[in-house]
Amino acid sequence: MKQLKVEVAVIGGGTAGLAAYRAAKEKTDSVILIEGAQFGTTCARVGCMPSKLLISAADAAHSAAHTAPFGVFIDGKIRIDGKKVMQRIRDERDRFVGFVLEAVDGLPAQDKIIGNATFTSTTELQIGDHTQISAERVVIATGSRPSYPAVWNELGDKLIINDDLFNWTDLPKSIAVFGPGVIGLELGQSLHRLGVEVLMFGMGGQVGPFTDPEVMAYAQKTFADEFYLDADANVKNMVRKGDNVEITYLDKQGAQQVTEVEYVLAATGRRANVDNLGLENIEIEKDGRGVPVADPFTMQTSVPSIFIAGDASNQLPLLHEAADQGKIAGSNAAVYPNIRVGLRRSSISAVFTDPQLAMVGLTHKQVTEKYTGCNCFETGSVSFENQGRSRVMLKNQGLLNLYGAHGTGRFLGAEMIGPQAEHLAHLLAWAHQNRMTISQMLDMPFYHPVIEEGVRSALRDLNAKLRLGSEMLDECMECGPGC
């Protein structure tokens with residue numbers, strides 16, 4: 001049995017793990033990077049990049065099929081070659097993964113080890129059956145994996161996750177998508193626009209990541225108008241039937257339907273990869289899902305020498321968050337016990353559907369909870385249905401809700417569905433991180449005609465409401481420091 005002794009051990013070679021490794025190496029040379037299977041980030045292999053390749057193909061097909069309103073007509077049938085669509089996705093996916101692997105190959109060989117890591121104590125790790133590592137500090141960056149009901153495994157190879165989809169060599173004729181969240185919406189809409197018959201089922205009415213009921217209702221209607229989406233589905237039965245899956249469900253009118261699809265895509269959420277780390281061998285505080293609890297500003301767990309980052313932390317499962325968390329965790333692990341609070345940026349997330357979805361800063365739920373009981377915030381809104389540039393481009397679908405605080409006039413957050421929401425979200429996130437007021441944001445330059453004018457309209461609406469509600473300031477000041 002090989003034995004190693006290091007100052008910092010990083011478990012996981014994905015986005016968070018690589019960021020943690022690099023940050024730790026800036027402070028000490030005694031760092032080892034442990035990867036259970038293969039290096040390469042979730043983003044490059046099965047997440048951000050291949051999904052955007054599928055979305056881009058779907059956008060091209062959808063645009064080609066909807067030129068008539070502009071007076072532009074394509075004579076003849078638009079043909080989608082599923083094999084070529086998937087070939088480009090796999091080729092480009094492999095190219096992105098290659099960049100990550102090149103970076104990993106450039107790391108010193110003695111700093112890398114392959115094998116599943118298990119805690120035998122707070123400072124001891126067992127790697128597979130071949131190595132024991134004594135580490136003064138440890139960073140957990142093991143990522144996450146798709147989660148779905150175990151009974152679905154009875155569907156065999158007809159049950160897929162997003163990892164499997166990107167290895168297809170052709171497009172199927174039909175698919176049932178369970179989970180209208182970020183992954184389900186992006187992949188489901190893309191497949192629909194590429195000619196695949198799509199049925200999408202959800203639970204409890206949740207659509208996308210939204211907490212604002214108005215924005216979520218708009219999103220639900222928008223997507224349901226394009227393909228079959230039941231956000232609160234009643235699925236009675238799902239069984240393998242030859243090469244297909246037979247699904248029995250009640251439709252939105254309450255009538256029982258029986259249909260067959262080629263595949264079932266499980267997009268019902270993700271689970272942190274911490275259940276096989278031997279956490280039962282150490283005394284560490286965990287949340288209700290069994291994930292170690294960590295300070296979001298230091299990434300330190302209840303065991304002072306153990307840090308956690310990325311999707312494994314069960315905080316914000318986004319690539320940029322994983323990179324930031326990894327950097328904080330790695331740096332603090334290297335300088336422990338002299339840890340420091342790391343930079344945590346304003347929250348920003350985007351979903352690359354059409355129209356796009358985005359959230360910035362505090363969510364509607366967080367704003368409501370923080371200012372509950374005193375009505376100390378207002379909501380400014382704009383519909384993109386009649387917004388100038390949006391109508392010009394025939395992309396006039398969407399709703400933006402902005403939240404602002406009484407008294408301070410501070411911009412608190414936003415939830416939106418609309419054209420180019422990814423870009424609007426960036427502008428709003430920068431404003432949020434700079435703690436700008438609604439008045440200050442309105443003083444910023446706006447060009448014409450651009451979609452950003454919709455943001456200005458929402459800001460004007462919010463500013464007017466804040467002025468009208470200024471008499472509530474005294475009430476807010478009395479309800480405590482939370483306001």
Side-chain angles (χ1 to χ4, degrees), residues 51-52 54-72 177 180-194 198 200 202 205-231 252 348-360 363-364 379-403 413-428 446 448-462:
S51 66
K52 302 310 168 286
L54 182 71
I55 290 167
S56 293
D59 286 346
H62 186 75
S63 295
H66 292 81
T67 62
F70 294 99
V72 178
V177 179
V182 174
I183 295 173
L185 286 174
E186 285 188 347
L187 300 184
Q189 184 185 52
S190 296
L191 292 173
H192 164 75
R193 291 186 170 189
L194 288 167
V198 172
M200 189 173 294
Q206 183 68 39
V207 175
F210 296 127
T211 69
D212 188 315
E214 290 183 353
V215 180
M216 185 158 62
Y218 194 105
Q220 179 174 336
K221 182 181 185 306
T222 299
F223 294 119
D225 285 345
E226 183 174 350
F227 52 84
Y228 186 87
L229 166 60
D230 187 346
K252 287 178 279 188
I348 176 174
S349 61
V351 184
F352 294 83
T353 49
D354 179 23
Q356 293 181 342
L357 320 179
M359 300 169 71
V360 168
T363 66
H364 180 271
T379 300
S381 300
V382 68
S383 168
F384 287 97
E385 293 178 4
N386 289 311
Q387 197 270 328
R389 182 67 183 277
S390 301
R391 288 193 65 87
V392 166
M393 299 188 301
L394 286 179
K395 294 287 185 180
N396 52 314
Q397 288 181 302
L399 174 67
L400 165 63
N401 277 357
L402 303 175
Y403 318 119
E415 298 192 23
M416 72 193 86
I417 173 173
Q420 300 181 13
E422 59 180 300
H423 305 301
L424 304 184
H426 275 86
L427 294 178
L428 292 172
F446 288 86
H448 172 79
V450 293
I451 290 176
E452 285 75 8
E453 288 179 299
V455 174
R456 183 175 61 185
S457 296
L459 288 170
R460 284 173 171 170
D461 180 43
L462 178 53

Pairwise salt bridge (Lys or Arg N to Asp or Glu O under 4.0 Å) hits with a residue in residues 205-215, at least two apart: none
From F384 atom CZ to M393 atom CE, the distance as rounded to the nearest 0.5 Å: 10.0 Å
Spacing of E226 atom CD and R193 atom CZ [to the nearest 0.5 Å]: 4.0 Å
Nearest atoms (heavy-atom pairs only) where P180 meets Q206: CG-O, 3.4 Å
Validation row: E453, R389 side chains within 4.5 angstrom (heavy atoms): no
Sidechain-backbone polar pair: T67 side chain, V72 backbone, donor-acceptor under 3.5 Å: yes
Residues D461, V382; criterion side chain to side chain contact (heavy atoms under 4.5 Å, CB included); working and verdict: CA-CA 8 Å; D461 180 43; V382 68; over 6 Å; no
Sub-4.5 Å side-chain heavy-atom contact between V215 and L357: no
Heavy-atom closest pair, residues P419 and P355: N-CB, 4.3 Å
From Q189 atom CD to H62 atom NE2, the distance as rounded to the nearest 0.5 Å: 7.5 Å
Side chains of P213 and H364 in contact at under 4.5 Å (non-hydrogen atoms): yes
Note, L54 side chain near L187 side chain (heavy atom, < 4.5 Å): yes
Minimum heavy-atom distance between A414 and L428, given as atom pair plus value: CB-CD1, 4.0 Å
Heavy-atom side-chain proximity of I55 to K52 below 4.5 angstrom: yes
Sidechain-backbone polar pair: Q356 side chain, E422 backbone, donor-acceptor under 3.5 Å: yes
Minimum heavy-atom distance L399-S381, with the two atoms named: CD1-CB, 4.5 Å
Note, K395 side chain near D354 side chain (heavy atom, < 4.5 Å): yes
Residues V360, L424; criterion side chain to side chain contact (heavy atoms under 4.5 Å, CB included); working and verdict: CA-CA 10 Å; V360 168; L424 304 184; over 6 Å; no
Atom pair NE2 (H426) and CD (Q420), whose distance is rounded to the nearest 0.5 Å: 13.0 Å
Rounded distance (nearest 0.5 Å) linking atom CD of E415 with atom OG1 of T363: 5.5 Å
Separation of F446 CZ from L427 CG (nearest 0.5 Å): 8.0 Å
S457 vs Q387 side-chain heavy atoms within contact, under 4.5 Å: no
Nearest heavy atoms of L402 and L459, plus distance in Å: CD1-CD2, 3.5 Å
Shortest non-hydrogen separation from T353 to F223 and the atoms involved: OG1-CZ, 3.5 Å
Step-by-step side chain to side chain contact (heavy atoms under 4.5 Å, CB included) determination, Y218 to Q397: CA-CA 9 Å; Y218 194 105; Q397 288 181 302; 4.1 Å; yes
K252: partners by salt bridge (charged side-chain N to carboxylate O under 4.0 Å, His left out), with sequence neighbours left out: none
